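Everything numeric in this text was worked out from a predicted model, so none of it was measured.
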Amino acid sequence: MKYPRRRLVIVVRADPVICGHSGEARNLAEVALTRGFDDVRLLTWTIPTLQAAGLPLKPLDRLLPYSDGITVERPEPVGDYRVPDGRHLAGLTGRLVELLAEPVPTTVLSMYTVPHTQVVNDAVNAARAAGFAPDVYTIAKAVGSDVTNVIRNCLREDRFGAATVLFTQFLASDEVVAVSDYTRDEIIASAEEVDAKVGTRFAEECRRRVTVSYPPIDASAYLDLDPAAVDAALARRGLERDGYVLFLSRVARAKGIYDLVMAYGQMECRDRVKLVIAGNGPALEHIQAMAKEDENIIFLTDVDDDEKPLLMNGCAAYALPTKPEPDFVETFGIALSEKGLAGGGPIITALTGGTGEAVGDAAVIIEAGDVAGIAAAVDRVVLQMSAEERRDLEIRARAHAMTFDRGRVFDDLFPEKPSIVAA
């Protein structure tokens, strides 16, 4: 049997989930093919499982294909209904053991500590215990909700046992990284709280070992957009260039969508620009009900990856007034960097969590939760900002966002991997 020379496995919530980190996985996988990996696999969940979880999903018939050499695996659950969650984990873990049993040097990257790093650790331990002697190197990447959702909930609810398990799983990996400096700081702060509670020493190890690997973005998908393609995309949606303010993200309270809709009602420029809300999420139906009397608010729930940069490029302003909530803080803001690459109107956002890392000094900043401030910022951008100032922000935003190009991020995360061709 002929085996590949080198394999990368990424355990992640992949497409069709509307999540920046599914895009991360795609981008790392694509670059891996140009960096000496001849077998790349995304190990992820079955479509029915994702649908049952209520996660916001892209239209299944409009997903971008992966390059040859990338395989998306969705292992079926093991067992029956009496093992409601464990059977899905068993399917993922079992498939990874099968891959590790093959004599192939393998790097395994897990994104989301819960449960993907657990899957990786269990598979590696099982493969070694079975005598397979896998040639494997593991990397665990902590993303935003690992901290803001899982760890913080453990600490708020005084469930230190669960937090202890999470840190133990995370630090058992050969390499541990965070999605932003903000996330790294939050990991260390959370570890200090657990240490103070139960006498562990997680914080010291986190300070020593956790590095930062920013989200990789396919810059080529956002640069040098054809103006005719932008105009055609807008025409299909009944939009005009610079004739709308764009919100394109998960439709959730923590993204500031309620504040933005209320602010739109106060804007002097509302007669000049529509508000386009593109995306899906838990707050969508409520926001649609709030806005049903306003014909200038347009909802787009079927935007795919090809259309996204075109909508970003054509907008008068891109508004993501994210704010901290108990269950979520924006730990980077991938869409902000994507918008910076796409060009078009200025970015308006709040310095919440890691958004400052995503936009640098190339955005109009408002205070989180300040409805009047959002309205004033959009009015200034649309009604008062000169073409020269808009152009300056556009140039600086693109230059900053280029630091997150997927080839550069990949090479920083896998520095020992020689480049074969440019990404």
Side-chain angles (χ1 to χ4, degrees), residues 19-21 23-24 141-149 152 177-190 207 210-217 219 222 245-250 252-257 259-260 263 312 315 317-371 373-374 376-378 380-381 385 389-390 392-406 408-409 412:
C19 169
H21 307 297
E24 283 194 68
K141 185 169 187 178
V143 298
S145 58
D146 282 330
V147 180
T148 58
N149 185 5
R152 285 297 174 192
V177 298
V179 74
S180 63
D181 282 317
Y182 170 79
T183 303
R184 181 182 184 275
D185 291 343
E186 286 296 295
I187 290 170
I188 293 170
S190 298
R207 276 191 291 268
V210 178
T211 59
V212 173
S213 177
Y214 285 113
I217 300 171
Y222 295 87
V245 175
L246 177 65
F247 172 96
L248 194 159
S249 185
R250 185 166 56 92
R253 181 177 296 277
K255 299 290 186 174
I257 186 60
D259 297 334
L260 179 59
M312 287 178 165
C315 70
Y318 175 84
L320 185 68
T322 182
K323 63 181 183 180
E325 293 285 344
D327 63 338
F328 181 83
V329 178
E330 194 76 65
T331 48
F332 181 75
I334 295 172
L336 294 168
S337 297
E338 292 171 337
K339 173 62 182 70
L341 290 167
I347 297 166
I348 300 170
T349 193
L351 294 182
T352 300
T355 57
E357 297 174 68
V359 300
D361 64 350
V364 176
I365 303 301
I366 53 94
E367 290 293 326
D370 182 1
V371 173
I374 297 170
V378 175
R380 181 167 76 84
V381 166
M385 187 172 285
E389 188 178 357
R390 290 168 65 92
D392 177 65
L393 282 172
E394 182 179 9
I395 291 171
R396 287 191 283 123
R398 182 175 291 114
H400 181 74
M402 280 300 298
T403 63
F404 310 118
D405 179 63
R406 65 187 188 180
R408 177 172 177 173
V409 172
D412 286 343

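- Between Glu394 and Gly343, the shortest heavy-atom contact is OE2-CA, 3.3 Å.
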Passes side chain to side chain contact (heavy atoms under 4.5 Å, CB included), Ile334 versus Ile217? Steps please. CA-CA 8 Å; Ile334 295 172; Ile217 300 171; 4.3 Å; yes
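- With hydrogens and angles left out, the side-chain atoms of Ser180 and Thr183 include a donor and acceptor closer than 3.5 Å.
- In plain terms, the two heavy atoms of Thr322 and Ala254 that are nearest each other are OG1-O, 2.9 Å.
- At distances below 3.5 Å, at least one donor-acceptor pair connects side-chain atoms of Arg390 with backbone N or O atoms of Val381.
- Between atom CG of residue Asp392 and atom CE of residue Met385 there is a gap of 9.5 Å, rounded to the nearest 0.5 Å.
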Assess whether side chain to side chain contact (heavy atoms under 4.5 Å, CB included) is satisfied between Leu393 and Val364, documenting all intermediate values. CA-CA 9 Å; Leu393 282 172; Val364 176; 4.2 Å; yes
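- Thr355 OG1 to Lys323 NZ: the interatomic distance, rounded to the nearest 0.5 Å, is 14.5 Å.
- At a threshold of 4.5 Å between non-hydrogen side-chain atoms, the residues Val143 and Thr331 do not count as touching.
- The closest donor-acceptor contact from the side chain of Arg253 to the backbone of Glu325 lies at 3.5 Å or more, if one exists at all.
- Between Gly356 and Leu351, the shortest heavy-atom contact is CA-CD2, 3.8 Å.
- In this structure, Glu357 contributes its side chain and Tyr182 its backbone to a donor-acceptor pair below 3.5 Å.
- For Tyr318 (side chain) and Gly344 (main-chain N/O), no donor-acceptor pair under 3.5 Å exists by modelled atom type.
- Legend: residues meeting ring pair (Phe, Tyr, Trp, His ring centres under 6.0 Å) with Tyr214, ordered by chain and number and at least two apart, are Phe332, Phe404.
- With Lys255 contributing its side chain and Ser249 its backbone, the two residues share no donor-acceptor pair below 3.5 Å.
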Show, in sequence, the C-alpha distance, side-chain angles and deciding distance for Glu24 and Arg406, and conclude whether the salt bridge (charged side-chain N to carboxylate O under 4.0 Å, His left out) test is met. CA-CA 8 Å; Glu24 283 194 68; Arg406 65 187 188 180; over 6 Å; no
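- Applying the side-chain hydrogen bond (donor to acceptor under 3.5 Å, both in side chains) test to residues at least two apart or on different chains, the pairs with a partner in residues 333-344 are Tyr222-Glu338, Lys308-Glu338.
- Partners of Arg207 by side chain to side chain donor-acceptor pair (under 3.5 Å), not counting sequence neighbours, listed by chain and number: Glu192.
- For the atom pair CE (Met312) and CG (Leu246), the distance works out to 6.5 Å, reported to the nearest 0.5 Å.
- Judged by distance alone, with hydrogens and angles left aside, the side-chain atoms of Arg396 form a donor-acceptor pair with the main-chain N or O of Asp361 at under 3.5 Å.
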Give the C-alpha distance, both sets of side-chain angles, the deciding distance and a yes or no for side chain to side chain contact (heavy atoms under 4.5 Å, CB included) between Thr349 and Val359. CA-CA 9 Å; Thr349 193; Val359 300; 4.3 Å; yes
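- The two residues Pro216 and Lys141 make their nearest non-hydrogen contact at CD-NZ, 4.4 Å.
- Considering CG of Asp259 and CD1 of Ile366, their distance stands at 8.0 Å, rounded to 0.5 Å.
- The line from CD1 of Ile257 to CZ of Arg250 is 12.0 Å long, rounded to the nearest 0.5 Å.
- Between Ala401 and Gly340, the closest heavy-atom pair is CB-C, 4.3 Å.
- Of the possible donor and acceptor atoms, one in the side chain of Arg398 sits under 3.5 Å from a partner among the backbone N and O of Leu341.
- When all heavy atoms of Pro324 and Ala368 are compared, the closest pair comes out as CD-CB, 4.2 Å.
- From Leu320, atom CG reaches atom CD1 of Ile374 across 10.0 Å, with rounding to the nearest 0.5 Å.
- You'll find the side chain of Val179 reaches within 4.5 Å of the side chain of Pro215, heavy atoms only.
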